[in-house]
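Structure first, then comments.
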Amino acid sequence: MKLILLGPPGAGKGTQCKRITEKYGLAHLSSGDILRAERAAGTELGRKAQSYMDSGGLVPDDLIIDMMIGAIKKAGAKGYVLDGFPRTVVQAEGLDAALKKAGERIDAIVSLEVPDEAILDRMTGRRSCPKCGAVYHIVNLKPKVDGQCDKGCGPLMQRKDDSPEVVSNRLKTYHEQTAAVLGYYQRNRSRIIQINADQPIDEVSQAIFTALGRLGR
Ligand code: ADP
Ligand code: AMP
């Protein structure tokens, strides 16, 4: 199965991708996670991406398309969920062209819908494990011990781009450049699953699983 998760930053894409990929044995391909790993490794791509990520803008399309097509090829036949990509219509077109060339197609687009008002609290309260990538929230999804990863990796950290100023830029970027991606898939008559993501995490997961179940998955 090949899925795309769409939604604003903080909608819960990473959280739900983790659950979907565990249930269906798919690869989780998060453009944000891949970029952060490139930065941590000090690669040329990581250095090029740095200033865009820190300010809440988008990394240039050509860099992202190459990076994500590479990740898709590496995932191989087991299927995947794309998280954070495509984020512009140009990226969606680039993905379509590569899939067409490979004779493949996306099975469904899952669109997580959350009002802007819910986002700031989710993002400023997000805490992540720098070692295993697990994501928590100081109120909504607390670790067992405050500030520590449940898997014994050590201290959790707050992403620099989850500060209130950068979050407001990221939301602006989302409305200006990313929201149009849903319209692109609507025009292409892709199968779109719209999910109310303004409800507790388990209920969002349940709604996604029920909808995927209706597809015969
Ligand atoms: P995204 O990948 O879309 O940026 P995340 O999955 O990292 O979003 O979620 C952002 C933050 O909001 C995390 O701290 C997460 O624990 C929390 N969160 C995710 N889904 C929900 C939800 N349905 N209700 C409340 N908090 C949520
Ligand atoms: P995320 O982890 O999805 O919130 O992404 C963190 C940051 O990485 C974003 O604010 C962008 O700067 C950059 N980024 C992630 N995915 C993309 C993408 N598909 N296109 C452009 N920039 C991206």
Side-chain angles (χ1 to χ4, degrees), residues 4-21 28-40 45-46 48-69 71-72 81-95 110-115 117-129 133-143 149-150 156-163 165-174 176-178 181 195-208:
I4 297 177
L5 239 77
L6 290 183
K13 299 184 296 298
T15 304
Q16 298 302 332
C17 269
K18 198 144 192 42
R19 294 171 175 214
I20 298 169
T21 52
H28 177 185
L29 305 181
S30 155
S31 48
D33 284 351
I34 298 174
L35 287 169
R36 281 183 286 278
E38 294 280 342
R39 282 182 69 167
L45 172 58
K48 282 184 182 161
Q50 199 163 317
S51 60
Y52 302 100
M53 294 174 78
D54 289 345
S55 64
L58 292 185
V59 176
D61 287 331
D62 52 341
L63 296 179
I64 293 288
I65 293 169
D66 285 352
M67 177 184 93
M68 292 307 288
I69 301 302
I72 287 172
V81 188
L82 298 178
D83 165 7
F85 172 82
R87 241 175 168 104
T88 63
V89 170
V90 172
Q91 291 179 18
E93 289 167 346
L95 172 63
V110 178
S111 171
L112 298 184
E113 308 194 340
V114 194
E117 302 78 71
I119 300 281
L120 181 65
D121 170 61
R122 286 195 190 181
M123 290 169 87
T124 51
R126 170 162 53 192
R127 299 290 182 273
S128 332
C129 174
V135 175
Y136 303 85
H137 188 279
I138 51 171
V139 177
N140 307 332
L141 192 64
K142 288 180 169 184
C149 181
D150 287 355
L156 299 175
M157 55 148 236
Q158 182 169 21
R159 274 168 55 177
K160 244 173 79 185
D161 61 347
D162 278 344
S163 66
E165 310 75 56
V166 184
V167 167
S168 103
N169 253 344
R170 290 165 70 193
L171 269 176
K172 191 162 170 273
T173 302
Y174 171 77
E176 287 174 357
Q177 300 185 64
T178 305
V181 172
I195 299 287
N196 170 18
D198 191 15
Q199 49 179 346
I201 295 175
D202 287 345
E203 289 173 31
V204 176
S205 306
Q206 204 43 61
I208 295 173

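For ligands, and for the atoms within them, numbers begin at 1 and follow the listed sequence.
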Exercise for the section: Name the closest protein heavy atom to atom 18 (C) of ligand 2, giving the residue it belongs to and the distance to 0.1 Å. Expected result: R87 CD, 3.4 Å

Practice task
Determine, using heavy atoms of P9 and all atoms of ligand 2, whether some pair is separated by less than 4.0 Å.
Solution key: no

Completion exercise
Looking at I201, T124, V114, D202, the heavy atom closest to atom 22 (C) of ligand 1 belongs to I201

Exercise for the section: Determine whether the side chain, the backbone, both or neither of Q16 has a heavy atom under 4.0 Å from any heavy atom of ligand 1. Expected result: neither

Completion exercise
Closest to atom 4 (O) of ligand 2 among protein heavy atoms sits R170 NH2, 2.8 Å

Exercise for the section: Quick one: look up the protein heavy atom nearest atom 14 (N) of ligand 2 and list residue, atom name and how far away it is. Expected result: L35 CD1, 3.4 Å

Completion exercise
among protein heavy atoms, the one nearest atom 4 (O) of ligand 1 is G10 N, 2.9 Å

Completion exercise
Of R170, K18, R126, R122, the residue with the heavy atom nearest atom 24 (N) of ligand 1 is R122

Problem - K13 near ligand 2 by a heavy-atom separation under 4.0 Å - result: no

Completion exercise
The closest protein heavy-atom partner of atom 20 (N) of ligand 2 is Q91 NE2, 2.9 Å

Problem - Nearest neighbour in protein (non-hydrogen) for atom 16 (N) of ligand 2 - result: S31 OG, 2.8 Å

Handout entry: Mode of R159 contact toward ligand 2 - side chain, backbone, both, neither (heavy atoms, under 4.0 Å)
Key = side chain

Practice task
For ligand 1, indicate whether the residue T15 contacts it via side chain, backbone, both or neither (heavy-atom separation under 4.0 Å).
Solution key: both

Practice task
Record the part of A197 in heavy-atom contact with ligand 1 below 4.0 Å; permitted values are side chain, backbone, both and neither.
Solution key: backbone

